[in-house]
Amino acid sequence: MVHIRCMILAGLVCEVVLLTALPGHAWQQDQQKDGMAGMNMSGGKGNMNDMADMKNMGPSMAAMAGHMTITPVWPKQPGDEARAKEVVAEAKATMERYKDYRKALADGYVIANPKLEQPQYHFTKEDNARVADLHFDPTKPTSLLYRRTPYQQYKLEGVMYTARPNATEEDLNGRIPLSIARWHEHTNFCEAPADRVKDYQAAHPKFGMFGSINTKEACEAEGGIFHPYMFTWMIHVFPYESDFKDVFSMNDDVPHVH
């Protein structure tokens, strides 16, 4: 359990540092979010315990159940699978250039926390994040995802696409069909007071992505700062998976390159 928590924290630090720095996103965190897509996973409809199809998301994602919104599965329409496969093909073609991580660095991708040992490293390009807020270009992923392996620290396994925080289900479906893949967003984040930041790494934290607090009232009662949502909508794509059902996997705790 300690090892899993360390892995989760490493991934969270990576994502927090990266995505809070993305241009045009910080100011949106406190805007009213009308028509927000998806289902809040903290309780009620869409509760993690009631969704059998979410059982394979892995411990990292499952640990954040109270702080995530995930898009629902839409009814499958003619052409959905073909559209999704086109995105995967473009992602895979784009990735070929970046199997050598040094080419990613040369093209403006920046490693999140390179000195922190992580199971998965995000290399993010701010220019692509700006583009993603406006329209979807599968050849310009916001992040490249590299895996740490026994023989290679940076082995490319996938990409991450993002969309603006207030994107609707229709917007996201237009990018990658919601009958095929599920986007997620980190929500209901209670920022710890300055004198309680160590709580983030406690065995049973109150604050942060793994904390028990997921409402504004409870957060303010503890002296925290409540953020209805953090970062952007995001989705990981793993084109090297042989089984298509694993290409849009929400389990980042297992390798997706072999």
Side-chain angles (χ1 to χ4, degrees), residues 1-22 25-33 36-51 54-72 112-113 116-122 124 143 160 162 165-166 182-236 250-253:
M1 180 60 73
V2 172
H3 177 63
I4 290 175
R5 177 168 288 277
C6 288
M7 290 174 63
I8 293 172
L9 285 169
L12 176 63
V13 169
C14 172
E15 203 160 68
V16 168
V17 171
L18 260 167
L19 296 177
T20 54
L22 295 182
H25 295 156
W27 67 269
Q28 293 172 319
Q29 292 174 10
D30 296 319
Q31 297 290 314
Q32 179 65 34
K33 190 174 187 183
M36 182 176 73
M39 298 179 292
N40 191 310
M41 305 305 289
S42 61
K45 183 180 179 181
N47 186 289
M48 192 79 73
N49 296 327
D50 297 331
M51 301 182 66
M54 300 308 296
K55 64 183 178 181
N56 295 320
M57 65 167 37
S60 294
M61 296 287 272
M64 294 184 280
H67 306 278
M68 287 180 61
T69 297
I70 300 174
T71 53
N113 287 347
L116 177 67
E117 185 172 326
Q118 306 165 52
Q120 184 186 79
Y121 294 81
H122 287 59
T124 294
S143 298
M160 182 177 80
T162 58
N166 60 348
R182 308 188 76 167
W183 294 70
H184 71 275
E185 186 175 43
H186 298 293
T187 56
N188 303 326
F189 183 92
C190 184
E191 180 183 342
D195 60 346
R196 300 179 68 182
V197 293
K198 289 184 178 180
D199 178 81
Y200 291 135
Q201 298 186 44
H204 303 287
K206 288 186 176 182
F207 302 98
M209 290 297 183
F210 310 105
S212 58
I213 298 174
N214 54 37
T215 67
K216 182 177 181 179
E217 294 75 18
C219 182
E220 292 179 348
E222 292 285 345
I225 300 173
F226 187 72
H227 301 271
Y229 56 99
M230 299 287 287
F231 319 137
T232 58
W233 280 102
M234 58 192 76
I235 190 170
H236 290 180
M250 295 185 67
N251 187 350
D252 293 338
D253 299 308

On a heavy-atom basis, which atom in [X] and which in [Y] lie closest, and how many Å separate them?
| X | Y | value |
| --- | --- | --- |
| Q118 | N113 | NE2-O, 2.8 Å |
| T124 | S143 | OG1-OG, 2.5 Å |
| G223 | P193 | O-CG, 3.2 Å |

Q | Any donor-acceptor N/O pair, W233 side chain to P165 backbone, under 3.5 Å | A |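 Side chain of W233 to backbone of P165, a donor-acceptor pair under 3.5 Å: yes, one is there.
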Q) Can you tell me how far CD1 of I70 sits from OG1 of T187, rounded to the nearest 0.5 angstrom? A)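 Between T187 OG1 and I70 CD1, I get 9.0 Å after rounding to 0.5 Å.
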Q) How many angstroms lie between NE2 in H184 and CE in M68, if you round to the nearest 0.5 Å? A)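 CE of M68 is found 5.0 Å from NE2 of H184.
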Is there side-chain contact between [X] and [Y], with at least one heavy-atom pair below 4.5 Å?
| X | Y | result |
| --- | --- | --- |
| T69 | W183 | no |
| H236 | H122 | yes |
| Q201 | F210 | no |

Q: Assess whether side chain to side chain contact (heavy atoms under 4.5 Å, CB included) is satisfied between F226 and N188, documenting all intermediate values.
A: CA-CA 7 Å; F226 187 72; N188 303 326; 3.6 Å; yes
Q.
Could you work out, with side-chain contact (heavy atoms from CB on, under 4.5 Å) as the rule, every residue matching E222, not counting sequence neighbours?
A.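 Applying side-chain contact (heavy atoms from CB on, under 4.5 Å) to E222 gives R196, K206, F207, I213.
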**Q.** Qualifying disulfide bond (SG atoms under 2.5 Å apart) pairs, either residue in residues 193-224, two or more places apart
**A.**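 Counting only pairs at least two positions apart or across chains, the disulfide bond (SG atoms under 2.5 Å apart) contacts touching residues 193-224 are C190-C219.
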